[in-house]
Amino acid sequence: DVYKRQMKSYIISLIIPLNLCIFLVVVGLLFAILQRKKLAFFTMSAGVIWVLIWSLPITSYKTGGYLESLYPYTPPVSLPTAQAIVVFGGNTANNRSNWFAPYSKESRHARIDTADDLYFMNKAPIIIVSGAALDGSVSEAKGMAIQLQNRGIPKTAITLENQSTTTRENGFYVDKLLKEKGLEKILLVTSALHMPRSMAVMKKLGYDPIAAANPPQITLTDAINPYIPNARALEASRSIIKEYIGIVTYWVRGWI
């Protein structure tokens, strides 16, 4: 499992536009040394074009925005009640309210913000937070639980799932907890970008979850020219590419 996770991380890292560009330029230089000029030109050009495409805000807006639109945002107050609130771990675009805006602690919107709203609006009496420790010894679930408790949610209302390292595992281990508690109707909380894959995983497990996504992050404002390269668009493209790879992989493997 550790080996598979490492391989997955390497593959995703390679497809990140800037990394892939560097890789293709290096390969192109090797072709040039070998006097394969056409191959060198096309290889290096492909790398540069890949970076340019993903540096344009319009690319993120069209590709990531499409995923965000599959489950349109519904304010927590308008969502129906359920038996439990399930929060999948993650930190898409550093929880920025706008994909292309600078990070702001005041405007950030984390998944626990949505869970917190749902709980205090009496949408469900239980919150299940899901996510293992990706760095360090404290699991993502425990970190979310501590923050929720600091906001006044009783410890008895929070259940931790500390084992999952992927979206599929989020679903697998949460499914066990739900079955133990005899719960079926859930509000599923994650980022708008991550919601299509998360919903598909839970539906495959036999649930009919209610999508309770965070507000969309990939929005263009008048201050952003969609056709001028943007460093933040290039930086955040990793999350979009990862989602598409994840969806295709999960579909091929029969997980969704």
Side-chain angles (χ1 to χ4, degrees), residues 1-2 4-9 11-12 64 67-68 70-74 76 79-92 95 110-115 118-119 123-135 138-145 148 157-214 239-256:
D1 286 346
V2 174
K4 288 182 179 178
R5 286 198 294 270
Q6 288 177 338
M7 286 300 298
K8 175 185 173 184
S9 178
I11 291 170
I12 292 174
L67 291 180
E68 288 193 332
L70 292 178
Y71 290 93
Y73 174 69
T74 302
L79 290 167
T81 57
Q83 294 174 302
I85 300 160
V86 174
V87 187
F88 280 2
N91 190 23
T92 305
N95 295 321
R111 302 176 191 195
I112 59 167
D113 294 325
T114 298
L118 290 168
Y119 180 83
K123 297 297 181 178
I126 297 172
I127 300 177
I128 299 176
V129 285
S130 175
L134 301 181
D135 294 302
V138 178
S139 73
E140 194 171 6
K142 186 174 182 179
M144 289 191 286
L148 289 170
I158 305 170
T159 299
L160 280 67
E161 182 288 293
N162 294 296
Q163 297 175 265
S164 59
T165 60
T166 65
T167 302
R168 179 176 181 259
E169 289 180 0
N170 284 142
F172 178 79
Y173 290 115
V174 164
D175 174 48
K176 287 188 173 183
L177 290 174
L178 291 171
K179 282 184 168 58
E180 288 173 6
K181 295 176 179 292
L183 305 175
E184 294 181 358
K185 190 175 182 182
I186 63 170
L187 285 153
L188 182 58
V189 178
T190 186
S191 68
L193 182 71
H194 187 225
M195 186 59 77
R197 183 157 56 115
S198 301
M199 288 287 286
V201 164
M202 294 308 293
K203 286 181 178 181
K204 186 72 174 181
L205 290 167
Y207 296 88
D208 185 19
I210 302 162
N214 275 6
S239 295
I240 298 175
I241 294 170
K242 178 184 175 183
E243 272 312 303
Y244 276 100
I245 292 173
I247 289 169
V248 172
T249 301
Y250 280 32
W251 179 77
V252 169
R253 303 193 71 170
W255 295 343
I256 59 176

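Worth knowing before you read on, the calculation uses all heavy atoms, side chains too, and leaves out hydrogens, waters and symmetry mates. In this chain, numbering begins with 1 at the start of the sequence shown. All of these numbers come straight from a predicted model, not from anything done at the bench.
Heavy-atom minimum distance, E161 versus A141: O-CB, 3.4 Å. In this structure, A157 and P125 approach most closely via the heavy-atom pair CB-O, 3.7 Å. Shortest non-hydrogen contact noted between F88 and S198 is CD2-OG, 3.5 Å. Considering every non-hydrogen atom in both E184 and Q83, the closest pair reads N-OE1, 2.7 Å. The minimum heavy-atom distance linking G131 with S139 is given by the pair O-CB, 3.5 Å. In plain terms, the two heavy atoms of L188 and P209 that are nearest each other are CB-CB, 4.2 Å.
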- Please walk me through it: do I186 and L178 pass side chain to side chain contact (heavy atoms under 4.5 Å, CB included)? CA-CA 9 Å; I186 63 170; L178 291 171; 3.8 Å; yes
- Task: Check step by step if side chain to side chain contact (heavy atoms under 4.5 Å, CB included) holds for V201 and N170.
- Result: CA-CA 9 Å; V201 164; N170 284 142; over 6 Å; no
- Test side chain to side chain contact (heavy atoms under 4.5 Å, CB included) applied to I210 and L79, step by step: CA-CA 8 Å; I210 302 162; L79 290 167; 4.0 Å; yes
- Item | Derivation and outcome, side chain to side chain contact (heavy atoms under 4.5 Å, CB included), residues Y71 and M199 | CA-CA 9 Å; Y71 290 93; M199 288 287 286; 3.6 Å; yes
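Note that the NZ atom of K242 and the CD1 atom of I240 stand 13.0 Å from one another [nearest 0.5 Å]. To the nearest 0.5 Å, the span separating CG on L187 from CD1 on I128 amounts to 11.5 Å. Rounding to the nearest 0.5 angstrom, the gap separating the NZ atom in K185 from the OH atom in Y207 is 15.0 Å. For the atom pair T114 OG1 and N214 CG, the distance stands at 3.5 Å (nearest 0.5 Å). Rounding to the nearest 0.5 Å places CD1 of I112 at 12.5 Å from CD1 of I85. To the nearest 0.5 angstrom, S130 atom OG is 11.5 Å from D175 atom CG.
Checking side-chain atoms of Y250 against main-chain N and O of R168 turns up a donor-acceptor pair under 3.5 Å.
Between S164 and E169, the side chains place no donor N or O within less than 3.5 Å of an acceptor N or O (distance only, hydrogens not considered). In this model, no donor atom of one side chain and acceptor atom of the other lie less than 3.5 Å apart for Y173 and N162.
When side chains are defined from C-beta on, L193 counts as touching S239, because their heavy atoms get closer than 4.5 Å. Side-chain contact check for V189 versus V86: every heavy-atom pair is 4.5 Å or farther apart. Residues V129 and T159 form no side-chain contact, since every pair of their non-hydrogen atoms from C-beta on lies 4.5 Å or further apart. Side-chain contact between I126 and L183 is present, with heavy atoms from C-beta onward closer than 4.5 Å.
Partner of S191 under the side-chain contact (heavy atoms from CB on, under 4.5 Å) criterion, chosen from E68, E243, R111: R111. Partner L160 forms a side-chain contact (heavy atoms from CB on, under 4.5 Å) with one of E140, K142, M144 and no other, that one being K142. Of the residues I247, L67, L70, the one that meets the side-chain contact (heavy atoms from CB on, under 4.5 Å) test with R197 is I247.
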